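None of the values given here were measured: they were computed from a predicted structure.
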Amino acid sequence: MKDKVLKIWPEINWIKDEGLKEKVLNCWIYAIENSVLSIEDLNIIPFSLLIKDCKISFMNHKRTCVQLSVEMTKIMQKNFGDEIKINMDILIAGAILIDVGKLLEYEMKDGKLSTSHTGKLVRHPFSGLAIADRFGIPAEVQHIIATHSKEGDLGHRTVESIIVHHADFVSFDPFKA
Ligand SMILES: [Fe+2]
């Protein structure tokens with residue numbers, strides 16, 4: 001399963017800290033093993049069930065978010081220098097994990113994918129956090145998962161979370177009706 005996850009998520013190898021990389025991998029393996037979706041489905045299903053005729057896959061959307069986060073960070077580091085401190089490993093791990101909980105949000109009824117009752121009550125920032133905690137993901141990364149969505153709008157976001165939040169929404173909002 002580990003190799004299969006690395007195949008759909010090559011960006012996991014961008015994490016330099018081996019311990020953190022292993023934890024991120026374990027979160028994804030756990031989520032896939034406990035989901036109604038198979039690992040292959042992730043490259044097929046639309047990234048949002050709320051967008052009509054969405055042709056962008058879940059993995060395309062998620063990988064775009066990670067890649068955007070890293071590119072934004074590089075430009076900010078180049079232009080702002082010592083005025084800003086961004087931890088690249090924390091940022092990448094967070095961007096890779098923000099939607100891991102989504103795998104537990106879905107249910108399959110008569111071959112049709114939808115959001116389950118539990119998924120509506122416990123949205124993926126929360127279920128993702130539970131997965132992350134189970135595998136010892138550090139607080140700085142848990143914070144990104146917890147605050148990446150609208151649930152994080154009322155509180156404080158770290159710089160890594162601000163970047164990931166915006167990268168997520170620029171690859172989502174243009175597709176909204
Ligand atoms: Fe999300």
Is there a path of hydrophobic side-chain contacts, each under 4.5 Å between heavy atoms of I/L/V/M/F/W/Y residues, joining Phe135 to Met1? yes
Gap separating the CG atom of Leu129 from the CD1 atom of Ile98, nearest 0.5 angstrom: 13.5 Å
Under 3.5 Å, side chain of Asp168 to main-chain N/O of Val164, donor-acceptor pair present? no
Work out which heavy atom in Lys85 is nearest to a heavy atom in Asp82; give both atom names and the distance. NZ-O, 4.2 Å
What do the steps show when you test Gln142 against Asp133 for side chain to side chain donor-acceptor pair (under 3.5 Å), and what is the final call? CA-CA 8 Å; Gln142 290 197 20; Asp133 195 51; 3.2 Å; yes
Under the side chain to side chain donor-acceptor pair (under 3.5 Å) test, residues paired with Asp89 that sit two or more places apart: none
Would you call the rings of His165 and Phe169 parallel, tilted or perpendicular, where under 30° means parallel and over 60° means perpendicular? tilted
Taking only distance into account, with no hydrogens and no angle test, what donor-acceptor pairs under 3.5 Å do side-chain atoms of residues 32-50 form with protein atoms, sequence neighbours excluded?
| from | atom 1 | to | atom 2 | distance (Å) |
| --- | --- | --- | --- | --- |
| Asn34 | ND2 | Tyr30 | O | 2.8 |
| Ser35 | OG | Leu37 | N | 3.0 |
| Ser35 | OG | Leu103 | O | 2.7 |
| Ser38 | OG | Glu40 | N | 3.4 |
| Ser38 | OG | Glu40 | OE1 | 3.3 |
| Ser38 | OG | Asp41 | N | 3.2 |
| Ser38 | OG | Asp41 | OD1 | 3.4 |
| Ser38 | OG | Asp41 | OD2 | 3.2 |
| Asp41 | OD2 | Ser38 | N | 2.8 |
| Ser48 | OG | Leu50 | N | 3.0 |

Sole candidate of Val141, Leu97, Ile145 that passes side chain to side chain contact (heavy atoms under 4.5 Å, CB included) when paired with Cys27: Leu97
Contact summary for His156 and Thr147, nearest pair of heavy atoms: O-CG2, 4.2 Å
Rounded to the nearest 0.5 Å, what separates atom CG in Leu91 from atom CD1 in Ile163? 5.5 Å
Please answer whether the main-chain N or O of Gln67 pairs with a side-chain N or O of Glu11 as donor and acceptor at a distance below 3.5 Å. no
According to a hydrophobic-cluster definition based on side-chain heavy atoms being under 4.5 Å apart (Ile, Leu, Val, Met, Phe, Trp, Tyr only), do Val100 and Leu6 belong together? yes
Give the intermediate values and the outcome of side chain to side chain contact (heavy atoms under 4.5 Å, CB included) for residues Ile144 and Glu140. CA-CA 7 Å; Ile144 299 173; Glu140 292 80 1; over 6 Å; no
Short question: side chain of His143, backbone of Thr158 - any donor-acceptor pair under 3.5 Å? yes
Between Val66 and Trp14, is a side chain to side chain contact (heavy atoms under 4.5 Å, CB included) present by the stated rule, with each step listed? CA-CA 10 Å; Val66 177; Trp14 293 359; 4.2 Å; yes
Can you name the closest pair of heavy atoms from Ser171 and His61 and give their distance? O-ND1, 3.1 Å
Common cluster, Leu68/Val70, ILVMFWY with side-chain heavy-atom separation under 4.5 Å: no
Salt bridge (Lys or Arg N to Asp or Glu O under 4.0 Å) between Asp173 and Lys176, intermediate numbers included: CA-CA 5 Å; Asp173 281 351; Lys176 279 201 304 196; 3.4 Å; yes
Testing the basics here: between Ser149 and Arg123, what is the closest heavy-atom pair and its distance to 0.1 Å? CB-NH2, 3.7 Å
Tightest non-hydrogen contact, residues Pro10 and Arg63, listed as CG-NH2, 3.2 Å
Met59, Phe172: one ILVMFWY side-chain cluster at the under-4.5 Å cut-off? no
With distance as the sole test, does Glu160 use its side chain to make a donor-acceptor pair with the main-chain N or O of Ile86 at under 3.5 Å? no
Would you mind listing every side chain to side chain donor-acceptor pair (under 3.5 Å) that reaches into residues 90-109, with sequence neighbours excluded? Lys62-Asp99, Asp99-His124, Asp99-His148, Glu105-His124
Approximate separation, where rounding is to 0.5 Å, of Leu104 CG and Phe126 CZ: 14.5 Å
Enter the distance from Ile84:CD1 to Met76:CE here, rounded to the nearest 0.5 Å. 4.0 Å
Quick check for you: to the nearest 0.5 Å, what is the distance between Ser161 atom OG and His166 atom NE2? 9.0 Å
On a heavy-atom basis, which atom in Glu151 and which in Ala146 lie closest, and how many Å separate them? CB-O, 4.4 Å
Working to the nearest 0.5 Å, report the span between CG of Leu20 and CD1 of Ile92. 9.5 Å
Is the number of heavy atoms from other residues, nucleotides or ligands within 6.0 Å of CG (Leu121) greater than 12? yes
Between Trp28 and Ile96, is there a donor-acceptor pair closer than 3.5 Å when you use the side chain of the first and the backbone of the second? yes
